[in-house]
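Working notes, beginning with the structure itself.
Quick caveat: nothing in here was measured; it's all calculated off a predicted structure. A, B, ... follow the sequence lines: proteins, then strands. Residue 1 opens every chain.
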Number of protein chains: 2
Amino acid sequence: MFKRLCVIGTGLIGGSIARAARAQGLCEEIVAFGGREKNLPNLQLAQQLGVIDRFYTDMGQALAEADLVIVATPVGSMRNIFELIKPHWHPQALYSDAGSTKGSVVAAVEAAFGHVPNNFVPAHPIAGAERSGVDASQADLFKNRRLIITPLENTDRQFVEKLSNFWRQIGSSVSLMSVEHHDTVLAATSHLPHILAFTLVGLLGRKDEQREIFKYAAGGFKDFSRIASSDPTMWQDICLANKREIIPLIQQFKAELSHIEQLLTNDQAEQLFDTFTYARDARQRFLDTFDD
Amino acid sequence: MFKRLCVIGTGLIGGSIARAARAQGLCEEIVAFGGREKNLPNLQLAQQLGVIDRFYTDMGQALAEADLVIVATPVGSMRNIFELIKPHWHPQALYSDAGSTKGSVVAAVEAAFGHVPNNFVPAHPIAGAERSGVDASQADLFKNRRLIITPLENTDRQFVEKLSNFWRQIGSSVSLMSVEHHDTVLAATSHLPHILAFTLVGLLGRKDEQREIFKYAAGGFKDFSRIASSDPTMWQDICLANKREIIPLIQQFKAELSHIEQLLTNDQAEQLFDTFTYARDARQRFLDTFDD
């Protein structure tokens, strides 16, 4: 059990971590840090809802006596956050994050500290949600979901174990992998799909402005476009942070589209059928591995 | 009330039309046509389930005394179906279809008849479903969904009115538009999204074969990829039938992706934010018009 959990970033993910930790009795108290005035209403709401016990606008006070610190802000702000944390770093506390890209978070820590402290354990809960804000947070958001930890060579294995236990107790299935593998896999399964959804809905939105088309869209489009309702700030950060992996995937995707275009142009019905059949079977394979 | 509804193609759509017509008491009897041996088990199942009263492997018998005939086969087979229907055509009966592309269906009828008879009313129920087969059919599939009728200049308005009433009675909201407008709109809201989903899941499926990635995909991917579980035969037909509209959309989509790629390459965070924000707002506009 932790004495004090400090959550930095009390949105959907930070709020849900706090709720889950409280529900499972994993810490004595939960505090939050709020550096910017525009975040105060959200923090006040978090306190009113009982998600956190209290919050501080001073990082030193927020971190004092905290033995578990989780940074759950958009990945683009991590560098600044770690600069603020640095003067108050405690070698006995466990520091982690919930960022969707791991290479960029490790780089942010390295930039702030000159190295990556061995008590910082990079982590990423695979729990998607197009909603945002503490009012959307829920104690069971991570139940039956995966949590990926990407330890570095020097990361203290005791802290990795401690963090794994924390996440297991809030219902997650913990996997360990390298930073690079994480960023490659997530670019394919999450970042590229979000870009495709944003791009499609943007394209159709402009058409809809000229001549209404959305009213003739069906349930399939509703599901397909759901992730285009995700938070733009968060996704701007993720896309830039992992662009090294994402850009080649966009290029591969465009090449695949050109292939389909060619099959259509040449009326290659059989190849089109084979392409769609392979995809349908692949999705079945995905469904077979997905617990919901 | 119709005396005899004849459904040609007793899959998800044809089966659901039969169930809905029966549930609303819109016809005295419901028969089906089954031309190919491989379809017999499905027709036997449809009869066992009470979806249809009986089926015929002879088109003349299936159509005898039918005053409402709905063709709900994949659009690629329509030409053959209308060739089979032609010798048994009755000027007093109402003929319609449920094809997802309207230009190609009208062309198929024209090819079979030399012209489009004035008692053929092209129609398309906007009720997506990635399942297929009569066992997936349901009486309320079309409830609160749109039904688009694309009458031609010579189409008999009385038959248009009769068909509109039929669909309204099974719960649909009926819209009239031109064949061309239908095919333009549906290419954007349905055909392109299906191609994107098939393409993405195919690309990821091949990556998954080399190194498992699907196990790290989240709920967002599940929703996004749902339409990739659609019937490959049906979608091969739709894509080829409407390729004139689809190919330019694929090209536009590739151009949009190249734009995003450029923003990533140049670290244009603000433009990325604006692009994502526009898409998120457009999806909200879609949700506001979508009843579910």
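Residue B:Ser175 touches chain A through its side chain alone, counting heavy-atom pairs closer than 4.5 Å. Proximity to chain A is limited to the side chain of B:His181, based on heavy atoms less than 4.5 angstrom apart. Using a 4.5 Å cut-off between heavy atoms, B:Leu240 contacts chain A through both its backbone and its side chain. The contact between B:Leu264 and chain A is made by backbone and side chain atoms together, counting heavy-atom distances below 4.5 Å. No part of B:Gln284 comes within reach of chain A, as not one of its non-hydrogen atoms sits under 4.5 angstrom from that chain. In this structure, the portion of B:Met177 lying under 4.5 Å from any heavy atom of chain A is its side chain and not its backbone. Of the atoms belonging to B:Thr199, heavy atoms from both backbone and side chain fall under 4.5 Å from chain A. Contacts between B:Arg244 and chain A at a heavy-atom distance below 4.5 Å are absent for every atom of the residue. At a 4.5 Å heavy-atom cutoff, the contact between B:Leu204 and chain A is made by side-chain atoms alone. There is no contact between B:Ser190 and chain A, counting heavy-atom distances below 4.5 Å.
Among the candidates B:Gly76, B:Gly205, B:Ser225, B:Ala197, the residue making the largest number of heavy-atom pairs closer than 4.5 Å to chain A is B:Ser225. The residue among A:Arg211, A:Gln252, A:Lys207 with the most heavy atom pairs within less than 4.5 Å of chain B is A:Arg211. Chosen from B:Thr275, B:Asp237, B:Ile148, the residue pairing most often with chain A at heavy-atom distances under 4.5 Å is B:Ile148. Heavy-atom pairs under 4.5 Å with chain B peak, among A:Leu263, A:Leu257, A:Asp274, at A:Leu257. When the candidates A:Cys239, A:Pro232, A:Ala279, A:Ala282 are compared by the number of heavy-atom contacts under 4.5 Å with chain B, A:Pro232 comes out ahead. Contact count versus chain B (heavy atoms, under 4.5 Å) is highest, among A:Gln251, A:Arg206, A:His259, A:His182, for A:Arg206. Between chain A and the residues B:Val185, B:Leu200, B:Leu249, the most heavy-atom pairs under 4.5 angstrom are made by B:Leu200. For the options B:Ile227, B:Ile260, B:Leu196, heavy-atom pairs under 4.5 Å to chain A are most numerous at B:Leu196.
The shortest distance between side-chain heavy atoms of A:Thr184 and B:Ile213 does not fall below 4.5 Å. Using a 4.5 Å heavy-atom threshold, the side chains of A:Thr277 and B:Thr233 count as separate. Using a 4.5 Å cut-off on side-chain heavy atoms (C-beta onward), A:Glu209 and B:Arg285 make contact.
Counting only N and O atoms by type, the side chains of B:Ser229 and A:Arg280 include no donor and acceptor under 3.5 Å apart.
Atoms OG1 and CD1, from A:Thr265 and B:Ile250 in turn, are 8.0 Å apart once rounded to the nearest 0.5 Å.
With salt bridges taken as basic N to acidic carboxylate O contacts below 4.0 Å, none links A:Lys254 and B:Glu256. Under the 4.0 Å criterion applied to side-chain N and carboxylate O atoms, B:Lys243 and A:Asp267 are assigned as salt-bridge partners.
For A:Tyr216 against B:Ile126, the heavy-atom pair with the smallest separation is O-CG2, 3.5 Å.
Residues forming a ring pair (Phe, Tyr, Trp, His ring centres under 6.0 Å) with B:Phe286 (at least two apart in sequence, or on another chain): A:Phe214, A:Phe221, B:Phe290.
Of the possible polar contacts, none joining the B:Arg226 side chain to the A:Asp223 backbone as a donor-acceptor pair under 3.5 Å is found. Remark: side-chain polar atoms of A:Arg146 are paired, donor with acceptor, to backbone N or O of B:Lys215 under 3.5 angstrom. Panel note: side chain A:Arg283, backbone B:Lys222; a donor-acceptor pair is recorded below 3.5 Å.
Tested against A:Phe198 for a ring-ring contact (aromatic ring centres under 6.0 Å, His included), the candidates B:Tyr278, B:Phe276, B:Phe224 yield a single pass: B:Phe276.
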